[in-house]
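Structure first, commentary second.
Note on naming: letters A, B, ... go to the chains in the order of the sequence lines (proteins, then strands), and numbering restarts at 1 for each one.
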Amino acid sequence: MPDDTKPDVTKAIPKIDLSDSIREFSRENSDYYVESFSQIQDSDENVTPWNKAALLFGPAWCAARGLWNLFWLFTIAEIVALVQIGRGLWGDLGAAKLAEAEQLMQRAQEIRFEGGMAGVTGGETASSAAEIAMNLEVAAQAATLEAQAAANLWWIYLLVGIVLFGVLRYVMGKYGNRIYELQYSAWRVNRKIASGLSTKRLAFALVLLIVMVPLTLYRFTATTPVSWLVGVPVSNVYYTNSANALDSWFDSTAEAGAGVFDGITAGAQTALDVIELLLVDAPWPVVAVFLVVIAWRVASIRVAIFTAASLLYIGLLGLWEASMVSIVLVGAAALFCVGVGIPLGIWFSRSERAYAVARPILDLMQTIPPFVYLIPIIAFFGTGRVPGVLATIIFAMPPVIRLTALGLRQVPGHVKEAAVAFGATKWKILFGVELPLATPAIMTGVNQTILMCLSMVVIASLIGAKGLGQEVLTALQFVAKGQGILSGLAILFCAMMLDRIVQGRFQRQEDQ
Amino acid sequence: MNNDVVIELNNAWKIFGEHAEEAMQAVNSEGLGKAEILEKYGAVVGIADCSFNVRRGEIFCIMGLSGSGKSTLVRHVNRLIEPTAGEIFLLGEDVMKLSPTALREMRAKRIGMVFQHMALLPHRSVRDNVAYPLEIRGESKARRWDVSQHSLSLVGLDGFEDRFPRELSGGMQQRVGLARALASDPDVLLMDEPFSALDPLIRRQLQDQFIALSEQLHKTTLFITHDLDEAIRLGTRIAIMKDGRIVQIGTPEEIVTNPADDYVRDFVQNISKLKLVFAHTIQVPFNQYKPMEGEDLSRSPRVSQDVDLDYLIDVAVKTTQPTVTTDENGNDVGVVSKDRLLQGIRDGK
Amino acid sequence: MAEVISTVEILEEIPEVDISDSVRNFAGQNGDYYIREFKRIQASKHGFCWTFNLGSAVFGPLWATARGLWGLFWIFSVLEMVLLVMLGLGLWGDLGIDKFNRADRLQVNYERMLDRVEAAREKGDEVGVESFQNRAASLAKARDKARAEGEAIAAGGTRLLVIAIVGLILLKLFEGWVANIAYERQYSRWRGDRTVRSGLNWSIGALGLVIILFVYVVTLVRFTFSNPPDYIVEIPIGKKLYDPIASGIDYWFDLASQNFAFLFLGVSRGIRIILDAVEILLVGTPWPVVMAVIIIFAYRSAGIRVAIFTAAALVYIGVLGYWEKSMATVALLGTASFLCVAIGIPLGVWFARSERAFSFGRPILDLMQTMPSFVYLIPIIAFFGTGKPPGILASMIFGLPPIIRLTTLGLRQVPKDVVEAARAFGATNRQILRDIEIPLATPSIMAGVNQTILMCLSLVVIAALIDAKGLGYDVLEALQYAAKGQGILAGIAILFCAIVIDRVIQGKFKDTEKGG
């Protein structure tokens, strides 16, 4: 057999001496770690030497050795265990039940008293009152008994707490070295990882533990902890004052800038009216034919069939007008986003400075839940269609800006250079080279913007925009499942229709 | 200024980085080196003190390894990169003094450029790509179509004008790039490693085609390459660059037979010298030659002293006699013995 | 200079490209005409040139469809339609009809008033006579005014007519001019792409004709008739189909929620348990402890600047009394994101492994994200009622897709050769997943976690609508009562929560990226 002739390579391999590096890593108590690490690394089975420091000091050891994740994990778990122990030792375990019993007793007495009063005037109510009072008293007694039983079970809490604590420490002692060895392996490739035993870390951890453990213990085991610990002890004066100040500031600003705000509203309103005239007032057969033929010409016959089916659904369910109103809202918002977003994206791709300023704003626009900026919009622009469109624009503008800037930045430098080398002007490069090459990215942005606009349809209805969103919103208020789902589907179909048409256009360009 | 000089670069410097100007001043006053500039100013020297002339109709090759600054250098000629210091003249005009409009004008009419990565516009047909420089100049469509058709036929791409670049192979794409550079009928061709990205076989074909085309059109060409073989095949003269400096300028033979320093020598070592070394370099003067036993110079074959070693070998293998070389009047001027020939093949001397 | 002269010679040698054959090929009918026109257009600089296509001028949109120029078709037909509506209004539209009707009504009132004047006079009521006379006079004035306005509008009809006719003539001129230029562009495109429509296509032209006739007639009727038929203005079906379908859905939902109550209740309970634990941790624990832990965590994962910001944000929240509500919101968010990650990553792994599962799952994921969030709040209410667990469920529907998608994406992007290498060394599937795929996919998975948390956050606020309480409820209330101050304060609190969470995760994310 070839095996016999094969030299045993493994025996010839010299052993690596890690002791110096382990010593460098662990610093304090290094001999111990050299030994235990080599045991861990040598053993094929799970042989781990006990770590007494970890066993004794638990989280403090973790912190001192720089194992922060472990520190937090065990601190929380140990606090839970300690809370159980504390409850068992001095906690008022039956307190809740006792309070309940007391309340029941009091109520029973009240009813008996009232019954007595009633007894003077009429008999029947008195006897029924007595009956109720009896029942209540029985319940109160039961509650008292339960409370006693609960108080007698103190040892269970104590036991659970002690066992939990013991298990935790056992795990620490048993696996402390193993985890520390992992840290050592990580440290070998990344010297930034904490090593050694740091008194600074230890002190920090001790401060944390001293603050956290007693406070939490007290909070959960005392019958009536002091109120400043339960809630933040601040009077609501600050709140009322700032709310009022904001109110008046908004009012005065809205008044002062009424001309501007009303102007914007009026302008947007006219634009919306014109689009609405096209889609809502135009006879529905014309609009339907228009949309289907557009879908066919711009995208494909399949998209046209899908569009026709969606329109059929909308028409048959009588959601035509609401849908058209929503499409107008989305269309206007999306048009504005694209019309403003693409030039902005171009600008940001040119000017590093402008982009540096704008990026946090864009991030913010996408991070803020749309609910939040509905308020200032209402304050300045009131309710209705225009504020709805504005909120939609804020929400949906970032993708198209971002992806336009991205697409333009990704245009290969050598292509642009070639255009420059042949004497093209900036504008010729932009329109002849950069924009055509960035089209895929820009179209992705446009697509995302449209979808985001549609997802705002319902939220815009919260501030008075009509259309499908309103249907969904009323359905939500009255839990009208059918209405909600039917109009929700209509929103979905509108979204997919617009999306497919725009995408189809783009895919065609790609194919060319 | 010599009317025959088309491109002239005098003491051009390019230093990249925020403190380029200060670094340049330091170079002028203190004569700092590349490493010191990087250390002191955090600036990188792209090209350092480069000067050369390109004469009308010649193919001037700039050869260097990647990072030697050759691509940076060629971009100075049409000011795609602004030099930190130095003078650039193109067709007698001071490029550095041109207004933006005049510079664009010059790029559009006087200079054609071919790029390593083709840099074709993917959304335009081959014809529209080739016609792009003319379109920038505002030529009519009919004119654009005529010229691009002609230009494509020059590079042998008739019938491909209605295709898109992605439908073409790499070699064909680069021919489109060449046709585009030729379309504006420029005085100067700048070629930035045009054949480096291609397969060896196709590269060879394109080199041949380019040589043929140059013989036909006589375009003044600045040709960048990292391949010494290519430089020797194509170049009338070659400049060798290292670390942003021009180490040596000369004809292919000068470079091969007389390398300026060890760097160039290393390069040249593996180059076949058979076609670059000529009989007059290795011959022993006729009157100093002492014939060995059995040798009779009167029976020796006679060749011109300007033939290359390749030819000499062909002649030598057919005879036992040493070869006698003659000048243009037919007078015997030298003798190349077989020993001498072998030595010449080995050393190039 | 000799060289320059020779180049000029070369230029003059350039042969002219003959496009005649290809244009004839392209244009089909009328080839010679288009050859001539295209050559003229091409010879002009900047493609600007006076040409006039009679066919296009006369037939407008029809010519455009027949020649396959759909863009022009839409522009021409919409413009023509607008002008035709104006023409129709001018010719037979009842312009000013409202005003004339008003004048007629006023006339009737006026006559009645005159009768009353007569009656008063007979009674000898001088005061009455005078007051009635005054009223009659003002009525007469109003009537005259209405009539005058009506006439003005009706007279405007002729103006409308003139504008429409002039507009039509100008449009026709424009159509004739622009046609050849656009057609030449189409030809240039067709040369590179033979799928571009060419020639004169009668069947497409016929389709265009049908569309145009239909659109023109219906639109004219709608806008120029004073009483257009109802079925044009509104879809005649109305809500006849809607109501039974809606109530049918209602019925099925009720049935399902009754029959599977135990299931829904179970899910609800399960979520409740996790939520309670998280709430005890965040709300129950004394606030100084929670604050300290959050700030330390921010510092460790994202640096001192974020820690300072976090501290400021927490002070804001605490001082304005939003502490409990914020923590409740964060508890909701934490539970939702935890569940998303716990469910999403295994699902993502599965989808990465099984092509079949992925092709099945992808449309569902798309649907989950495209569907407006409010829509699926409805079935959730129907099955799970209102409160916090349904709020968490809704957030999960919104937050699950990114984590699944990005886990799948990350695993699929693991280089094949690395997996192959591991397999070659005899690694098992589980080892490959644990040691190679997951570590290499970590950046992508972390990006998914980040997105999921942000998505959940935006929905946790909306979940206030189904009584999930928290900060969102304050904003909602403020929206309802237009209490700007309250809304802004609560909104800023949400914003701070969002930014702190986002920054901390981003910081963590950068750490893993550096480490990986």
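- The residue among B/Glu135, B/Met113, B/Glu105 with the most heavy atom pairs within less than 4.5 Å of chain A is B/Met113.
- Classification of A/Glu24 and A/Arg188 as a salt-bridged pair fails, no side-chain N sitting under 4.0 Å from a carboxylate O.
- In this structure, B/Arg143 forms no cation-pi arrangement with B/Trp145, as its terminal cationic atom is not both closer than 6.0 Å to the ring centre and no more than 45° off the ring axis.
- Counting heavy atoms from C-beta outward, B/Leu121 and A/Pro436 have side chains that stay 4.5 Å or more apart.
- At least one side-chain heavy atom of A/Phe25 sits under 4.5 Å from a side-chain heavy atom of A/Gln183.
- Contacts between B/Leu103 and chain A at a heavy-atom distance below 4.5 Å are absent for every atom of the residue.
- Under the 3.5 Å distance criterion, the side-chain polar atoms of B/Lys70 are matched with a main-chain donor or acceptor of B/Gly64.
- Proximity to chain B at a heavy-atom threshold of 4.5 Å picks out A/Glu417, A/Ala418, A/Ala419, A/Val420, A/Ala421, A/Phe422, A/Gly423, A/Ala424, A/Thr425, A/Lys428 from residues 417-430 of chain A, in numerical order.
- For the pair B/Asp128 and B/Arg180, the salt-bridge criterion is not met [side-chain N within less than 4.0 Å of a carboxylate O].
- Cation-pi geometry between A/Arg409 and A/Tyr355 is met: under 6.0 angstrom from the ring centre, within 45 degrees of the axis.
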